[in-house]
Each structure stands twice: as C-alpha cells, then as structure tokens.
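Letters go in sequence order (proteins before strands), and every chain restarts at 1. This structure is a prediction, so every number in the text was calculated from the model and none was measured.
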2 protein chains.
Amino acid sequence: MKVYRYWMDTGVDLRVRGGADAYLRGCPSRDVLDMIGSKWTVLIVPALREGPLRFGELRRRLDGITQKSLTQTLRTLERDGLITRTQYPTIPPRVEYALTDLGLRAVALLAGVRDWAEANLADVLAARAAHDARADS
Amino acid sequence: MKVYRYWMDTGVDLRVRGGADAYLRGCPSRDVLDMIGSKWTVLIVPALREGPLRFGELRRRLDGITQKSLTQTLRTLERDGLITRTQYPTIPPRVEYALTDLGLRAVALLAGVRDWAEANLADVLAARAAHDARADS
DNA sequence: CGGTATCCCCAAGGATACTG
DNA sequence: CAGTATCCTTGGGGATACCG
C-alpha cells in the first residue's frame, strides 16, 4: 500500500514505478474513484445512514432509479463491504440493506466531498459562467 | 445553495424538493462528482501542485494519456476555474498550465479522497476478496 | 416483493492522422 | 510544440419483460 503513498499529491515522475499503464491500472485511485463516482452510490450509501432499508424503500427514495441499476449498485456495494444484505425467508420475501462500519466511514468521505462542494461550488459555477460569457470560441 | 444542504447526508424523502429528476439534475453532487470522477482530473490537478507545467510536460508525466484526452480535460478544468492557461506567442509556441486558488483547494479535496483510500482501501479489497472467495454464484 | 434477463443508446475516452 | 479533426470502441445505465 505504501508504494502508492504519493499517488495523487506529488509532482514526481510517476513512471519510475514501472510504466504508466501499470501505474494507472494498479493505482488505488481508480478503485475508490470508481466507487464514489458511481451515479447511485452517493445517494444510496447516505440513505442508509439512519438505519436499514428494504429494497422497495430504497427504490422509492431514489425515485428515478430502475430496478436493474438499484440491484446492480447494491450488489457492488455489498461486494465492496460497504453494506450487508439480509434476506428473511418469508412470503412475500423481505430483504434489508444496512451499512457496515466501512460503509459508515464512506458516508464520512462523501460528507467531505459535500463540504467541498458547499464551500467551492459557487466559485466553480461562477468561473464557468464567466468563461462561457467570453463566448469568443 | 442552502436548499441542497442535506443533499447527501440525510434519509429524508428527497422528492419533497420537486421530483426525483429535478433533484438529480439540480443537485450539486453531480457537478462535483463529475469533476473529481473524471479519469484524468485526479492526476492532472495534483501534478500542477508544485508549479506550472507545459503541455508536453504534463503529457509525459501522464504517460498513458492521449493528446485529445489531455486537451479535453485541461479545457474543462480551465472552464471550471481550477487552472489557468497561459500562451506565450513564441515560435515554437509555449503554453503553461497552473493551478488557481480554487484548483489548490481541489488538491485538498483530492487529498481527502486519497486519505480515505489509504485508510480504508485495504478493507474494501479484503471484503471483495472474501466475497469472491464465496464463489457460490 | 424483490428480483433476473435482454435489448438498446449514448457519451467518455482511445487510436490515428493532420496542422499553425 | 501544442494542438484539431475524425473514426471507433466500450460499458454504464435506462426501458421493458418475465420469475420464485
């Protein structure tokens, strides 16, 4: 793990670690970015913060999501150890999803992203507007 | 901005703010996530931390990147106010890219993501391995 | 209720070639 | 040197239909 210590905060030549492809594919940044970059992850994980939810409850909360996308995202989150899936053998079936400790820590990460957005998004949007106003392209 | 205060840390019914589509498209989470989720942004922004770099220097540092992707990402970052582009009218041309204050603050955000990865990625990978080991699917 | 299975679209990003 | 232009591939995610 330590070999990646400076994977995104330094200017040193990254190629010294064995080639760009190896760097890019091996670097943990991809993993974590793919996780939080997933369209629904950022909504599902915080939604479970207050306690477990059933499949249908999640679907209603994320009103625009399709069954497939919800199932898919939940499976990935379960595989990555962020949530647990508990199935009760009743009829009709009842399935509950809950955050793990790791999932709870992910909420904290997302909170960091949220805080950055709240603090800086106005600047981003202003810069974008100013740039677009200079529509000399 | 305040209307989005709880865009990713609460369990309240998000639909109260006018429907899921409006929520999803209007929510700042998309903007910031698209920014940091871009494949090359997380490498370009920190690369400029030590000081300005020329186009070719960036390309060599991000060894696997294509000219198109580099140009594209730099244009987006410039539009969002994270970097500046300075062109010197010499022959051959010389173009330098540098972080703005906003860009510097983005480095801090990326550092937060990095810190999370360093602290928790081992758990994610372990969970994934354990899940895959139960290959009863 | 809580899924699978299938088809489809489209935008991000790579490969390649050309230029002021 | 620092790009633009063009073509092409890939896969995330939506729509729809069916199932234990």
On a heavy-atom basis, the closest approach of B/Val95 and B/Gln87 is CG2-CG, 4.0 Å

Whole angstroms only, please: what is the CG-P distance between B/Leu33 and D/dG13?
11 Å

Between atom CG in A/Leu62 and atom C1' in D/dG14, what is the gap in whole Å?
15 Å

Heavy-atom closest pair (A/Ile83 atom, A/Thr100 atom, distance to 0.1 Å) is C-CG2, 3.8 Å

Between C1' of C/dT4 and NZ of A/Lys68, the distance in whole Å
11 Å

Just to confirm, is there a sub-4.0 Å distance from OP1 or OP2 of C/dG2 to any side-chain nitrogen or oxygen of A/Arg59?
no

Could you check how far CG of B/Leu74 sits from P of D/dA2, rounded to whole Å?
11 Å

A/Arg85, nearest nucleotide to its side chain (from D/dG14, C/dG3, C/dG14)
C/dG3

Rounded interatomic separation in angstrom, taking NZ from A/Lys39 and C1' from C/dC9:
13 Å

Of all heavy-atom pairs between B/Pro52 and B/Glu96, which one has the smallest distance, and what is that distance?
CB-OE1, 3.8 Å

Can you tell me the distance, in whole Å, between the CG atom of B/Leu70 and the P atom of D/dG3?
8 Å

Tell me the closest heavy-atom pair linking A/Val45 and A/Gly103, and the distance in Å.
CG1-O, 3.8 Å

Using a cut-off of strictly less than 4.0 Å, decide whether B/Arg75 has a side-chain nitrogen or oxygen near OP1 or OP2 of D/dG3.
yes

Do B/Arg105 and B/Leu102 make a side-chain contact, defined as non-hydrogen atoms from C-beta onward lying under 4.5 Å apart?
yes

From the options C/dG3, D/dG20, D/dG13, select the nucleotide whose nearest atom is closest to the side chain of A/Tyr97.
C/dG3

D/dA2, OP1 or OP2 - any side-chain N/O from B/Arg94 closer than 4.0 Å?
no

When you check the phosphate oxygens OP1 and OP2 of C/dG13, does a side-chain N or O of B/Ser69 lie under 4.0 Å from one of them?
no

Nearest whole Å is fine: how far is D/dC19 P from A/Gln67 CD?
14 Å

Side chain of B/Pro93: nearest nucleotide among C/dG13, D/dG13, D/dA2?
D/dA2

Give the rounded distance in Å between these two atoms: CG of A/Leu53 and P of C/dG2.
11 Å

